[in-house]
Participant: 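Right, I'll just put the structure down here and ask away after.
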2 protein chains.
Amino acid sequence: MFGVLTGKELDELPVQIDQFEFPPNYRIYSAGDVNEDVYTIRDGLVKAIARTADGAERIVRLYKPGDVLGLESLLSDGCQHTLMTMATVSVCRIPTRIIKRLLVKSPRLLEQLMRQWQISIERADYWLTHLTTGIIESRVAWLLKMLAELTSGEQPVVIVLPANQEIAAIVDATVESVSRTIANMKREKVLVRVAPHTYQCDLGKYHFDRLQVVD
Amino acid sequence: MFGVLTGKELDELPVQIDQFEFPPNYRIYSAGDVNEDVYTIRDGLVKAIARTADGAERIVRLYKPGDVLGLESLLSDGCQHTLMTMATVSVCRIPTRIIKRLLVKSPRLLEQLMRQWQISIERADYWLTHLTTGIIESRVAWLLKMLAELTSGEQPVVIVLPANQEIAAIVDATVESVSRTIANMKREKVLVRVAPHTYQCDLGKYHFDRLQVVD
DNA sequence: CGTATAATTGACTGTAGTCAAACGACGTGG
DNA sequence: CCACGTCGTTTGACTACAGTCAATTATACG
């Protein structure tokens with residue numbers, strides 16, 4: 001994200017940024033917390049958790065390398081949802097006040113930041129139209145596709161499969177339904193285990209590029 | 001939104017802004033269009049439409065008075081979804097280039113804009129956790145609650161009921177299921193017709209404030 | 001007042017939720 | 001190294017909510 005800054009703007013950055021790792025299943029912050037930092041993800045996945053009216057947990061967004069966490073702290077409101085790592089996550093931390101200061105000086109950083117917000121929105125729409133619509137098998141397939149896209153095009157595609165409970169919280173289903181779906185995919189060799197939690201994934205049988213009706 | 005500008009900043013605004021109305025069911029712009037303007041809604045509702053993989057239409061967001069439309073044009077990307085009015089909608093139009101120019105001068109406008117983006121994200125999460133989860137009756141009830149909140153607290157609450165097809169596109173259900181639900185609510189006097197498309201709405205029997213389990 | 005469009009209702013089907021039990025993987029401590 | 005316990009996964013039987021298809025009735029608008 002800070003690639004867009006000029007040399008002079010970068011001068012004051014290095015001392016302020018530190019880089020470190022969160023352990024797996026670490027709660028970065030909880031809904032309601034006031035957060036003082038912004039993070040950019042270098043490696044790993046982070047899930048954003050919200051609660052439904054009946055108290056169930058629902059995963060509403062996934063952040064991946066390159067994404068920015070905690071932008072809402074620029075508005076000094078409380079955080080909207082809980083952020084939790086899904087594996088070991090390597091991040092850069094930048095204090096909010098640094099961003100605020102740089103923001104008025106660098107229009108390019110501003111654009112970059114607006115773009116991040118925009119990405120969040122687009123991803124929310126994607127989530128809504130692909131991961132909460134249709135039969136469960138198709139929702140799970142879309143999720144697998146999302147996970148597969150993180151592997152930057154290597155063949156064969158190998159993904160780290162989240163726990164059934166997490167998948168269920170993403171596609172809005174019960175653990176049992178997810179289990180049946182995933183078990184089926186294993187039988188059909190869509191998923192082939194290569195290591196604990198790690199599967200080779202061949203989504204060939206799913207046709208994501210189905211014809212889109214246009215007006 | 002422009003209430004935050006100082007007098008000097010406002011000076012160049014008036015000649016650039018014009019105010020007018022869109023007719024009901026008017027397509028403000030379509031997915032893929034490049035849009036040159038930003039709109040603030042003064043009155044009426046605007047729906048954002050996306051398409052699912054099987055070509056069905058899905059309403060992914062509602063914009064209400066005070067909201068800003070077309071912020072993605074600040075990034076000069078194509079628009080993500082189709083925007084369509086739900087009734088007569090009164091708007092202010094501001095050319096994107098004016099916003100861009102003002103943005104570097106007014107930190108308060110910047111904050112206002114970031115807040116708008118943040119609001120969109122929060123609303124996406126709300127949509128996900130309330131309008132796509134649980135049985136259809138509860139989703140519809142949440143939608144009615146949303147619509148009721150637009151009426152700024154007058155009692156009794158009177159809302160303009162969207163067509164079943166629109167409700168279906170919001171809560172991810174079929175027209176028939178929505179019809180059954182709405183028909184039931186009419187029988188139970190949750191909805192009482194007072195004019196065409198207009199109903200008095202008493203959501204007393206629904207308990208939105210159900211206990212939220214906290215960690 | 002008549003017609004097009006939307007809403008309602010019925011009968012049937014199918015997907016996924018619920019409840020319950022068995023199985024498996026993994027880590028701990030003996 | 002093995003036994004045990006915990007947790008996650010799988011599977012079965014049953015139920016219920018919502019989808020599908022089709023016919024009928026109501027509503028809005030010219």
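Labels below follow one simple rule: chain letters A, B, ... track the order of the sequence lines, proteins then strands, and each chain is numbered from 1. Values below: every heavy atom of this structure, side chains too, minus hydrogens, waters and symmetry copies. Small disclaimer: the values here were computed from a predicted structure and weren't measured.
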Participant: At a heavy-atom distance below 4.0 Å, which nucleotide of DNA chain C is the first touched by chain B, and which is the last?
Facilitator: C/dA7 to C/dA11
Participant: Are OP1 or OP2 of D/dT9 and a side-chain N or O of A/K186 less than 4.0 angstrom apart?
Facilitator: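 For A/K186, the contact criterion (side-chain N or O under 4.0 Å from OP1 or OP2 of D/dT9) is not met.
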Participant: Among side-chain atoms of B/T133 and A/T52, is any donor-acceptor pair under 3.5 angstrom?
Facilitator: no
Participant: Does a salt bridge link A/R115 with A/E111, judged by any charged N lying under 4.0 Å from a carboxylate O?
Facilitator: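 The answer is yes: the pair qualifies as a salt bridge.
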Participant: Return the value, rounded to whole Å, for the distance between atom CZ of B/R180 and atom P of D/dA18.
Facilitator: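 One finds 11 Å between P of D/dA18 and CZ of B/R180, rounded.
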Participant: Give a yes-or-no answer on whether the side chains of B/S73 and B/T96 include a donor-acceptor pair shorter than 3.5 Å.
Facilitator: yes
Participant: Hey, is the side chain of B/S177 poking within less than 4.0 Å of OP1 or OP2 on D/dA18, counting only N and O atoms?
Facilitator: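 For D/dA18, OP1/OP2 do not have a side-chain N/O of B/S177 under 4.0 Å.
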Participant: So A/F20 and A/F22, would you call those rings parallel, tilted or perpendicular, with 30° and 60° as cut-offs?
Facilitator: perpendicular
Participant: Is the phosphate of D/dT11, meaning OP1 or OP2, less than 4.0 Å from a side-chain N or O of A/R187?
Facilitator: yes
Participant: Rounded to the nearest Å, what distance is computed from the CD atom of residue A/Q165 to the C1' atom of nucleotide D/dC7?
Facilitator: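 Checked: the CD to C1' distance equals 11 Å.
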Participant: Using a cut-off of less than 4.0 Å, is there contact between a side-chain N or O of B/R193 and OP1 or OP2 of D/dA28?
Facilitator: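 Yes, within the criterion.
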Participant: May I have the distance from A/I136 (atom CD1) to D/dC17 (atom P), rounded to whole angstrom?
Facilitator: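 Result: 16 Å.
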Participant: Given atom CG of B/L161 and atom P of D/dA28, what is their separation to the nearest angstrom?
Facilitator: 12 Å
Participant: Does any pair with a residue in residues 121-134 of chain A pass salt bridge (charged side-chain N to carboxylate O under 4.0 Å, His left out), and if so which ones, sequence neighbours excluded?
Facilitator: A/D67-A/R123, A/D125-B/R61
Participant: Check this for me: does any side-chain nitrogen of one of A/K145 and A/E149 sit under 4.0 Å from a carboxylate oxygen of the other?
Facilitator: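 Counted as a salt bridge, because a side-chain N and a carboxylate O are separated by less than 4.0 Å.
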Participant: Please tell me which of A/I135 and B/V178 maps to the more 5' nucleotide of DNA chain C, matching each residue to the nucleotide holding its nearest heavy atom.
Facilitator: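 Its nucleotide being nearer the 5' end, the pick is B/V178.
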Participant: Has the side chain of A/T85 got a donor or acceptor atom that lies under 3.5 Å from a matching backbone atom of A/Y26?
Facilitator: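 Side chain of A/T85 to backbone of A/Y26, a donor-acceptor pair under 3.5 Å: yes, one is there.
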Participant: What is the distance, to the nearest angstrom, from the CD atom on B/E176 to the C1' atom on D/dT25?
Facilitator: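 Rounding to the nearest Å, CD of B/E176 and C1' of D/dT25 are 15 Å apart.
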Participant: Find the distance B/I182:CD1 to D/dA26:P and express it as a whole number of Å.
Facilitator: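 Value for this atom pair: 19 Å.
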